[in-house]
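In what follows, every chain begins at residue 1, and chains take the letters A, B, ... in the order their sequences are listed.
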There are 2 protein chains.
Amino acid sequence: MSRPTIAAVAQAAGVSVASVSRVLNGLPATEEMAERVQRAVEQLGYVPDSRARSLKVGRTFQLTLAVADVGNPVYVTMMRAVEEVVSAAGYRLVVTTTGADVVDEVALVRGMARGYADGLLISPIRVDEDLVKSIRECGVPVVVAGNVPAKAGVDTVRANSPKGMLLAVDHLVAKGRTHIAFLNGPADTVPGTARAKGFADALKAHDLQPAGETEAADFTFAAGRAVGGEVLRSQPDAVICANDLLAVGLMHELVGAGLRVPEDVAVVGMDDSELAEQSFPPLTSVNLGSAERGRRAAELLLARIEDNDRRPRRIVVQPSLSVRRSTP
Amino acid sequence: MSRPTIAAVAQAAGVSVASVSRVLNGLPATEEMAERVQRAVEQLGYVPDSRARSLKVGRTFQLTLAVADVGNPVYVTMMRAVEEVVSAAGYRLVVTTTGADVVDEVALVRGMARGYADGLLISPIRVDEDLVKSIRECGVPVVVAGNVPAKAGVDTVRANSPKGMLLAVDHLVAKGRTHIAFLNGPADTVPGTARAKGFADALKAHDLQPAGETEAADFTFAAGRAVGGEVLRSQPDAVICANDLLAVGLMHELVGAGLRVPEDVAVVGMDDSELAEQSFPPLTSVNLGSAERGRRAAELLLARIEDNDRRPRRIVVQPSLSVRRSTP
DNA sequence: TTGTAGGCGTTATCAG
DNA sequence: CTGATAACGCCTACAA
């Protein structure tokens with residue numbers, strides 16, 4: 001026995017399907033009509049099928065946010081900002097995980113195709129031709145929080161991580177640290193490449209040589225710990241990490257090795273996520289504007305849903321530095 | 001100009017809509033037929049409408065997980081476990097946020113009604129009659145990760161937090177701590193009530209008087225910090241916290257007050273989330289089986305989708321204690 | 001105010 | 001193997 005449809009309700013109430021639909025959607029109807037319909041609905045436990053409805057009206061009022069790793073607190077910040085904007089606009093937000101693999105991302109975008117949501121906000125960690133292609137062919141408005149080639153012709157909101165890197169190095173140098181190492185995530189990712197280049201440029205701007213450069217297997221706490229020893233080999237007096245999770249992982253290794261933060265080694269994270277505040281010592285972190293990026297990206301998405309012919313915008317959000325106790 | 005439909009593709013390819021559908025779904029077709037269809041699809045940039053499809057086939061192959069706060073790392077653990085199970089079964093998982101308010105939860109369940117997903121897994125933080133009612137009327141299989149009355153007749157997977165609380169107290173007492181305080185979240189929540197009772201019972205079992213009991217405004221880091229001073233007023237030698245976020249918040253206040261963890265005050269969290277491992281010192285935490293709860297709940301959901309007439313099951317997952325350095 | 005009927009885009013059945 | 005056609009469940013002119 002299947003679920004009741006509007007037809008069943010109409011029959012039970014002894015009225016037409018149109019009347020049921022009207023009552024349910026709050027259109028004018030007799031007191032008595034409304035009464036009968038309501039009763040029938042209650043009795044049968046009728047619940048409208050939203051896909052049939054949206055097939056008809058053309059919208060789902062759902063938006064999807066796709067992130068690589070729900071365990072990364074930077075996405076929490078972004079998610080909160082996005083949620084706020086879209087719910088104010090009357091949409092529901094659903095979040096889905098892509099995994100770090102570009103193949104998964106492509107599959108997701110493909111699968112998302114027209115229907116489940118009115119728009120997609122994706123923050124890809126690896127980008128290739130296929131992904132760009134699938135975004136264009138996806139059939140639903142897409143905004144990318146991250147960096148894709150301008151020729152992709154898609155709305156993007158991205159961070160300025162080289163600038164952020166410079167803020168971090170400026171700060172460390174001002175505090176007298178000059179033997180600075182860099183703990184990166186995978187270099188074959190979009191943020192990985194950008195941050196590596198940013199680090200090199202920032203050091204150059206100060207006429208400094210890098211103390212060392214290490215690549216972790218992932219942008220995770222565990223990966224940060226795993227390469228902690230390697231980072232320390234060059235005996236840096238400061239380490240900049242490509243994100244907060246790596247930084248916290250590293251700090252655990254530092255402490256384990258009997259070093260003090262920040263006295264012996266200063267540590268700087270990136271993202272300025274909730275974890276930076278929660279960590280001990282609280283982590284100095286480059287705020288790459290996750291909240292603002294989320295907000296602007298959401299606004300872009302709403303605007304594109306409104307008018308799919310507007311020309312793509314590329315927004316860059318400027319960073320700032322949140323100084324906490326992990327640096328002197 | 002609207003998106004191309006299957007009819008447009010059929011026309012462009014000079015074949016019937018049925019043939020287009022077949023080719024797209026990999027059903028037998030001539031080499032040449034497939035060729036023509038593919039070409040037309042490419043050319044028009046056709047992308048199938050998934051809601052029309054699911055309207056027809058009756059399934060979306062999407063499952064929804066609803067949690068109160070994406071910033072709470074316990075949900076990350078659960079999410080990962082759920083994701084693993086459902087994706088192995090060929091479903092995509094989407095996550096949505098309810099907020100702490102029961103009204104929001106009800107609205108979500110209502111809105112989720114039949115259509116957007118084939119099933120709903122919800123971890124409610126506050127439960128009332130309305131919520132139970134909306135779950136029953138929701139029209140799609142629902143599994144609750146948490147505690148709802150047995151008479152609700154819904155599949156549930158819940159933790160045994162009194163038992164977990166006992167593990168924590170046992171451990172502290174074994175280490176010679178007897179002046180134990182409790183930092184709870186809001187007492188009008190399901191976990192709040194359960195944990196408060198568990199704490200009282202566990203102390204009674206050891207013939208101990210509570211050093212103090214404090215209620216934070218939320219299950220968050222900030223809320224934990226905010227009431228840190230109050231917790232310390234009774235000068236406890238150990239504090240058990242209702243979750244890891246509260247515990248980490250408290251530890252920051254402890255350190256700020258010049259106390260050492262665990263020498264002066266031992267701290268125990270609950271949930272054994274990723275944060276417990278990441279915090280410093282690493283946090284001893286009651287593992288309430290979030291991963292297993294997620295897994296079992298997902299399995300229950302899949303089973304119910306398969307057969308909606310099976311009788312509701314109520315699973316209880318047993319806790320364990322993860323001892324780390326925040327206790328002696 | 002209410003009912004009838006057509007169509008949203010797809011898949012599945014059933015002839016050819 | 002292919003094509004026409006009837007659903008899927010709902011909304012909305014249009015007609016009564």
Margin query: If you define the side chain from C-beta out and look only at heavy atoms, does anything of A/Leu63 sit under 4.5 Å from A/Leu301?
Written below: yes
Notebook entry, point to check: Who are the salt bridge (Lys or Arg N to Asp or Glu O under 4.0 Å) partners of B/Arg53, not counting sequence neighbours?
Noted result: none
For residues 33-40 of chain A, tabulate all N or O donor-acceptor pairs below 3.5 Å that involve a side-chain atom, not counting sequence neighbours.
residue: A/Arg36; atom: NE; partner: A/Ala13; partner atom: O; Å: 3.2
residue: A/Arg36; atom: NH2; partner: A/Ala13; partner atom: O; Å: 2.8

Note to self: In the structure I gave you, are the side-chain heavy atoms of B/Ile125 and B/Pro191 within less than 4.5 Å of one another anywhere?
What the structure shows: yes
Check: Can you check the B/Leu24 CG to C/dG9 C1' distance for me, whole Å?
Finding: 13 Å
Next item on the list: Find the distance A/Glu35:CD to C/dT1:C1' and express it as a whole number of Å.
Entry: 17 Å
Next item on the list: Rounded to the nearest angstrom, tell me the gap between atom CD in A/Gln11 and atom C1' in C/dG3.
Entry: 15 Å
Which atom pairs link the protein and nucleotides 12-16 of chain C when you take only N or O atoms and keep those under 3.5 Å?
none

Enumerate donor-acceptor pairs with a distance under 3.5 Å from any side-chain N or O in residues 75-93 of chain B to protein atoms, sequence neighbours excluded.
residue: B/Arg80; atom: NH1; partner: B/Glu274; partner atom: OE2; Å: 2.2
residue: B/Arg80; atom: NH2; partner: A/Asp69; partner atom: OD1; Å: 2.5
residue: B/Ser87; atom: OG; partner: B/Glu83; partner atom: O; Å: 3.0
residue: B/Ser87; atom: OG; partner: B/Glu84; partner atom: O; Å: 3.4
residue: B/Tyr91; atom: OH; partner: B/Arg59; partner atom: NH2; Å: 2.6
residue: B/Arg92; atom: NH1; partner: B/Gln62; partner atom: OE1; Å: 3.4

Checklist line | Listed nucleotide nearest any side-chain atom of A/Ala52, set D/dG9, C/dG9, C/dG3 | finding: D/dG9
Next item on the list: Mind calculating the distance between CD1 (B/Ile6) and C1' (D/dT5) to the nearest angstrom?
Entry: 14 Å
Item checked: Per B/Arg53 side chain, nearest of listed nucleotides C/dT2, C/dT11, D/dC11 -> C/dT11
Next item on the list: Report, as yes or no, whether the 6.0 Å neighbourhood of atom CZ on A/Arg310 holds more than 12 heavy atoms from other residues, nucleotides or ligands.
Entry: yes
Notebook entry, point to check: Over how many whole Å does the gap from A/Asp49 atom CG to C/dG9 atom P extend?
Noted result: 17 Å
Notebook entry, point to check: Between the two ends of the helix from C/dT1-D/dA16 to C/dG16-D/dC1, what is the bend in degrees, rounded to 10 degrees, where each end axis spans five pairs?
Noted result: 40°
Check: Looking at CG of B/Asp128 and CD of B/Glu105, how far apart are the two atoms once the value is rounded to the nearest 0.5 Å?
Finding: 8.5 Å
Check: By salt bridge (Lys or Arg N to Asp or Glu O under 4.0 Å), which residues pair with A/Asp188, not counting sequence neighbours?
Finding: A/Arg126
Item checked: Rounded distance in Å - CG (B/Leu55) to C1' (C/dG7) -> 12 Å
Margin query: From CZ of B/Arg51 over to P of C/dT10, roughly how many Å is that when rounded to an integer?
Written below: 10 Å
